[in-house]
2 protein chains.
Amino acid sequence: MLSFCGQDKCKLDKNGRIKFSPRIISDFKDACSGNVVLHCLPEGAVAVYPEDVYLQMRRQESRIAEQAASSALFRRNMRRFGAFSQSEVISSQGRITIPAAYRDHGQLSTDSDVVIIGVEIGIEIWNLERWQQEVLKIDEYNSLKSEQEIALDLRN
Amino acid sequence: MLSFCGQDKCKLDKNGRIKFSPRIISDFKDACSGNVVLHCLPEGAVAVYPEDVYLQMRRQESRIAEQAASSALFRRNMRRFGAFSQSEVISSQGRITIPAAYRDHGQLSTDSDVVIIGVEIGIEIWNLERWQQEVLKIDEYNSLKSEQEIALDLRN
DNA sequence: GTCGAAAATGGTTTATAATGGTATATTATG
DNA sequence: CATAATATACCATTATAAACCATTTTCGAC
């Protein structure tokens with residue numbers, strides 16, 4: 001059985017909380033007992049990863065402090081991950097609260113439709129319209145790839 | 001006896017479920033006890049594979065989390081396979097439910113005619129008109145290939 | 001420090017959708 | 001033409017999302 005797959009459409013409630021589908025809830029229960037990390041992605045969605053997945057993502061080289069002292073770029077990167085990542089626990093009713101700043105980042109307004117996307121290592125929460133745009137981009141990329149492949153085959 | 005071959009025409013019911021023919025049901029029972037993965041294909045159909053077939057297709061390189069942290073392209077790829085793949089179990093009556101998003105992808109509307117195509121490692125569910133288009137493309141490609149082969153042979 | 005307002009949290013209810021099962025119509029087969 | 005097999009429509013039941021409500025907590029004003 002695949003984990004963290006598929007799509008669900010659901011709503012943020014009036015208080016900015018989201019209720020996961022039973023499938024997602026059990027995936028997170030298995031993976032991390034509900035201890036997750038919210039993380040704002042550059043793509044404009046909010047990702048939810050099991051805590052240890054996030055720690056793997058952020059596994060750092062040594063001498064962090066020294067690098068922080070000498071590199072502005074490094075400091076900016078740490079700032080980005082620091083500011084835009086936050087621990088949460090999935091409640092007994094399968095809900096989490098999305099902090100206001102994170103809702104803004106993902107254009108996930110209170111009482112609006114959002115889409116939950118499985119990404120194999122966790123999930124992403126997308127604004128509906130943004131997700132549709134992203135699907136268009138994925139489709140476009142795929143059809144270009146296909147055409148290219150077939151054209152190449154016929155040339156041989 | 002060949003598995004996952006041939007074509008069936010059938011209907012989605014009002015709830016977006018499909019009932020497989022006895023032949024297909026027994027193929028899936030033999031291959032995976034009914035544990036399948038639905039996967040949306042770029043060609044605009046919905047494939048159904050035995051779970052281990054899908055896992056083979058999707059075998060991953062290592063250090064997934066770290067790549068996800070640093071590469072937008074990698075994240076998009078995970079998103080593509082995550083969003084468009086989902087586990088299902090064939091019910092005791094030989095039915096599976098196609099999730100709404102997947103129905104949209106394959107233009108498989110509720111209460112409409114669809115075509116089940118055996119693809120040797122699994123099956124594909126096609127919208128009737130799209131399948132007819134695909135057959136035309138297959139024919140076109142094949143005649144191009146044949147001409148090419150003969151032309152090449154004569155040149156030598 | 002105390003009170004009040006506002007927000008956050010936890011839980012419950014209800015409308016809706018998904019599911020499992022059965023009956024019936026249709027098609028295939030001898 | 002009769003019978004069996006199968007697809008599909010229908011219905012009952014269950015599960016779930018989302019709205020609603022109550023309680024608790026936080027924060028600010030007095």
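Just so we're on the same page: letters track the sequence lines, and every chain starts at 1. None of these values were measured; they are calculated from a predicted model.
Taking A/Ser143 as the reference, nothing meets the side chain to side chain contact (heavy atoms under 4.5 Å, CB included) condition, with sequence neighbours excluded. Listed by chain and residue number, A/Glu134 satisfy the side chain to side chain donor-acceptor pair (under 3.5 Å) test with B/Arg76 (two or more places apart in sequence, or in another chain). Applying the side chain to side chain donor-acceptor pair (under 3.5 Å) test to A/Glu140 and every residue at least two apart in sequence or in another chain returns nothing. Applying the ring pair (Phe, Tyr, Trp, His ring centres under 6.0 Å) rule to B/Phe4 yields the partners B/Phe28; only residues at least two apart in sequence or on another chain are considered.
Taking every nucleotide of DNA chain C with any atom under 4.0 Å from a non-hydrogen atom of chain A, the first and last of them, 5' to 3', are C/dT9 to C/dG11. For DNA chain D, the contact window with chain B, defined by any atom under 4.0 Å from a protein heavy atom, covers D/dT6 to D/dC10 in 5' to 3' order.
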Can I get a per-line list of side-chain donor-acceptor pairs under 3.5 Å for residues 16-24 of chain A, giving both atom names and the distance, sequence neighbours left out?
unit_1, atom_1, unit_2, atom_2, d
A/Arg17, NE, A/Asp13, OD2, 2.9
A/Arg17, NH2, A/Asp13, OD2, 3.2
A/Ser21, OG, A/Asp8, OD2, 3.0
A/Arg23, NH1, A/Cys5, O, 2.7
A/Arg23, NH2, A/Asp8, OD1, 3.3
A/Arg23, NH2, A/Asp8, OD2, 3.3

N/O donor to acceptor pairs below 3.5 angstrom from side-chain atoms of residues 35-49 of chain B, sequence neighbours left out:
unit_1, atom_1, unit_2, atom_2, d
B/His39, ND1, B/Phe84, O, 3.1
B/His39, ND1, B/Ser85, OG, 2.8

Subject >> Steps toward side chain to side chain contact (heavy atoms under 4.5 Å, CB included) verdict (A/Ile90, A/Lys29) >> reply: CA-CA 9 Å; A/Ile90 296 175; A/Lys29 187 157 279 176; over 6 Å; no

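For the segment residues 24-39 of chain B, no residue has any heavy atom less than 4.0 angstrom from an atom of DNA chain D. If you check residues 7-19 of chain B against DNA chain C, the residues with a heavy atom closer than 4.0 Å are B/Asn15, B/Arg17, listed by number.
Under the side chain to side chain contact (heavy atoms under 4.5 Å, CB included) test applied with B/Arg103, the options B/Asn127, B/Val114, B/Thr110 reduce to a single match, B/Thr110. The residue from B/Asp113, B/Leu108, B/Ile125, B/Thr97 that alone fulfils the side chain to side chain contact (heavy atoms under 4.5 Å, CB included) condition with B/Leu12 is B/Leu108.
At least one donor-acceptor pair under 3.5 Å links the side chain of B/Ser112 to the backbone N or O of B/Ser109. Under the 3.5 Å distance criterion, the side-chain polar atoms of B/Ser146 are matched with a main-chain donor or acceptor of B/Asn142.
Stem analysis of DNA chain C (Watson-Crick or G-U pairs, both distances under 3.5 Å, runs of at least three) returns C:1-30 with D:1-30.
Pairs of residues two or more places apart, or lying in two chains, that qualify as salt bridge (Lys or Arg N to Asp or Glu O under 4.0 Å) and include a residue from residues 46-58 of chain B are A/Glu120-B/Arg58.
Summarising the local packing, CG of B/Leu73 is surrounded by 12 or fewer heavy atoms from other residues, nucleotides or ligands at distances under 6.0 Å.
At a threshold of 4.5 Å between side-chain heavy atoms, the hydrophobic network of Ile, Leu, Val, Met, Phe, Trp and Tyr places B/Tyr141 and B/Val135 in two separate groups.
Residues B/Gln93 and B/Ala100 each lie close to DNA chain C; by heavy-atom proximity, the contact nearer the 5' end of the strand is made by B/Ala100.
Note that CD1 of B/Ile121 is 9.0 Å distant from CD of B/Gln56, once rounded to the nearest 0.5 Å.
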